[in-house]
Amino acid sequence: MRAKPQPAAADLYVSTHARLGRTPARPLTGEESRLRTAYRLCHRITRVHDPGIHALFQLVPAALRPACWALWAAASVLDDLADQRDVDPAEREARVKAWSQALQRDLAAGTSTDLVRHALVDTALRWRLDLPDLQGAVSSTVGDVRDRRFADWAEWRAWCEALVPWVDHVRHLFEQAGAPMTLRLDRHRDYKQFIDGAQLTDILTDLSADLAHGLLLLPQEALDPFPDAEEDLRHRRWSPAVAALIAELTDLARQWVTRPAMTTGMHPGAANMLDTAACLLRAQLDAVDAGPALLKRPPRLSVVTRTRIFAPARLRAGLAWSLTPLTVPGPRRPEVTAHVPRPAAENTARRTPPPHPGGARPPQIAADQMPAHVAVIMDGNGRWAQQRGLPRPEGHHAGTAAVHEIVCGALDIGLRHLTVYAFSTENWKRDTDEITTILEAIRHDLDEGPLRDLDVRQRWLGHPDKLPQELVQALQRAERRTHTRAGLTLTMCINYGGRDEITRTAAALAQAARAGDIDPHHISEDDFARHLPHPDMPDVDLLWRTGGEQRTSNFLPWYATYAELHFTPAYWPDVDRRDLWQAITEYSRRQRRHGAAPLVSPKSTDRSPRPI
Ligand code: FPP
């Protein structure tokens, strides 16, 4: 949500509709000409609304541009619907929802009466975009209607993640066109940081317009070190505190957008586009950091600066793309059995978990006795199957059902974090059929399983190397679709190894030291923790392993150093939610000291769960 100084896309959209209605440039006959009009409108919205983005899209082959415009125009129209300050928030929310529902119908019908949606539907079907994902990106705009306050950078970043699906769709176009430009999967951290940097630059650029609407889209954590800055900003006073805050934030954004390794291995045309975007953002940040005028109007780049950036970039783009023949797919109708996109889970009423079949209810555990984070080694699937004369893969299907049951139990008892070890870096040593079964069970579960509709945020910890691309994409989709859910965070460790995680984190620290971002002589545990793949994941309080073995097997070594251990004999497919509750009850009786001397007499450690 941003108060934009440019003409609102929604207004342009309406005026173009009106103009087309009164004096059409030429008779609007036939599907082709209507589609052309729709794409032209999207082009115009992009050009007027965001000239920088428009110039970046000029660096992609002409055949791909209409789809880029359609995606961008749709995002802009939605942004403006969510952000029309003169309209009541409830009404704005209703408008965004109506747009999103209409898109769902249009995608199923393969056409739309609305020109931007018409172009978007054509783009989505023609380029085989992931329809539920697109619908999810659209629906998540509803969350932008309300004014935002962010306590810290983590909250702010979660908000920024809404941008990722839109950028991913543009990346998908290139893949579909046959340009080998996929972002290296081990560069996802750089990619997310780059998007954060772009968002922060945008917020700083639009500061004056946002302040005029009473908006300050910066986290409290960033404002706190500059005690008077917020007050001064809200009164549009350029004070030393404001100057220091802006200098600090522009510095931060500069670091975030400067990710040279992000484009390693990409097609040179794509790398050129992203490198040019980084150049443009840095120039924009120079303009932001130029003094008091920032609080009066959005700083704009001079023609000279733009030409200096884009003239060589256009030359490089021409050369780079001339080397790659691209395939542009023809129009497509929705398949008869088309997967009708589900509305984004964020905005559907979440089902409460189905009750335990025997009617069991969770024990009452006092809040200060609850573990925040339970991690599970789900052992015994193979033996469970063999015991029944079934092939081992059958054990993994049964094990997947047990995951659902335990997730329900976690929701019932109010657990915040559950992490499951679904596939380790050592599991590649297994038979190919078994590996395929496990990975395919997980992929299917992500796309179709019952967890989709529960209040569960799904996250993935592990490395993409060797994993099937469809699984990686399904994991990334699930992360995006569920990132605003607050009930339970379910982290799935897939292609995960604890030593591997520590080694990669050490490598990331070494890189940061080499880049001068961190002093190698003063690396603390906190610095290390911040470079872990999931720096916000809490330590494990309780580590539970089923199947009778008593090992931790390379599972979460950094997080579980102080975990209470709990080993149970039953095979994983045989567990139900009462086993999780039992594990938590036992945990609540233990005394945790983290290396400190006991505070109370040893006798008192043998406690029953405290009633709440
Ligand atoms: C260990 O048992 C289990 C695994 C290696 C796979 C676990 C995966 C699942 C249960 C699927 C998870 C699904 C989701 C949705 C996260 P084992 O095969 O080593 O058993 P064994 O010790 O009896 O041989």
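Every value quoted in this text rests on a predicted model; they were computed, and no experiment measured them. Below, all heavy atoms of this structure are taken into account, side chains as well, without hydrogens, waters or symmetry copies. Every number for a ligand or one of its atoms is a count from 1 in the order of the listing.
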Should one rank A385, G382, G449 by closest heavy-atom distance to atom 20 (O) of ligand 1, which comes out on top? G382

Can you pull out the closest protein heavy atom to atom 15 (C) of ligand 1? Residue, atom name and distance to 0.1 Å, please. D445 OD2, 3.4 Å

Verify the distance criterion only: is there a donor paired with an acceptor across the side chains of S424 and N427 at less than 3.5 Å? yes

If you count heavy atoms of other groups shown closer than 6.0 angstrom to CZ of R416, is the number above 12? no

Top protein contact for atom 8 (C) of ligand 1, by heavy-atom distance: A422 O, 3.5 Å

Protein residue, atom and distance nearest to atom 1 (C) of ligand 1, heavy-atom basis: M378 O, 3.2 Å

Can a side-chain donor-acceptor contact be found between D527 and S524 if the only test is distance below 3.5 angstrom? yes

Would you please name every residue forming a ring pair (Phe, Tyr, Trp, His ring centres under 6.0 Å) with H373, sequence neighbours left out? H417

What do you reckon, does A441 put a non-hydrogen atom under 4.0 Å from ligand 1? no

Closest to atom 4 (C) of ligand 1 by heavy-atom distance, out of H396, M492, R443, Q458, is H396

4.0 Å heavy-atom contact, H404 with ligand 1: no

Less than 3.5 Å between some nitrogen or oxygen of D379 and one of ligand 1, yes or no? yes

If you have a sec, work out which protein heavy atom is nearest atom 5 (C) of ligand 1 and how many Å separate them, to one decimal? N427 OD1, 3.6 Å

Residues in side chain to side chain contact (heavy atoms under 4.5 Å, CB included) contact with P535, at least two apart in sequence or another chain: none

Among all protein heavy atoms, pick the one closest to atom 19 (O) of ligand 1 and tell me residue, atom and distance. R430 NH2, 2.7 Å

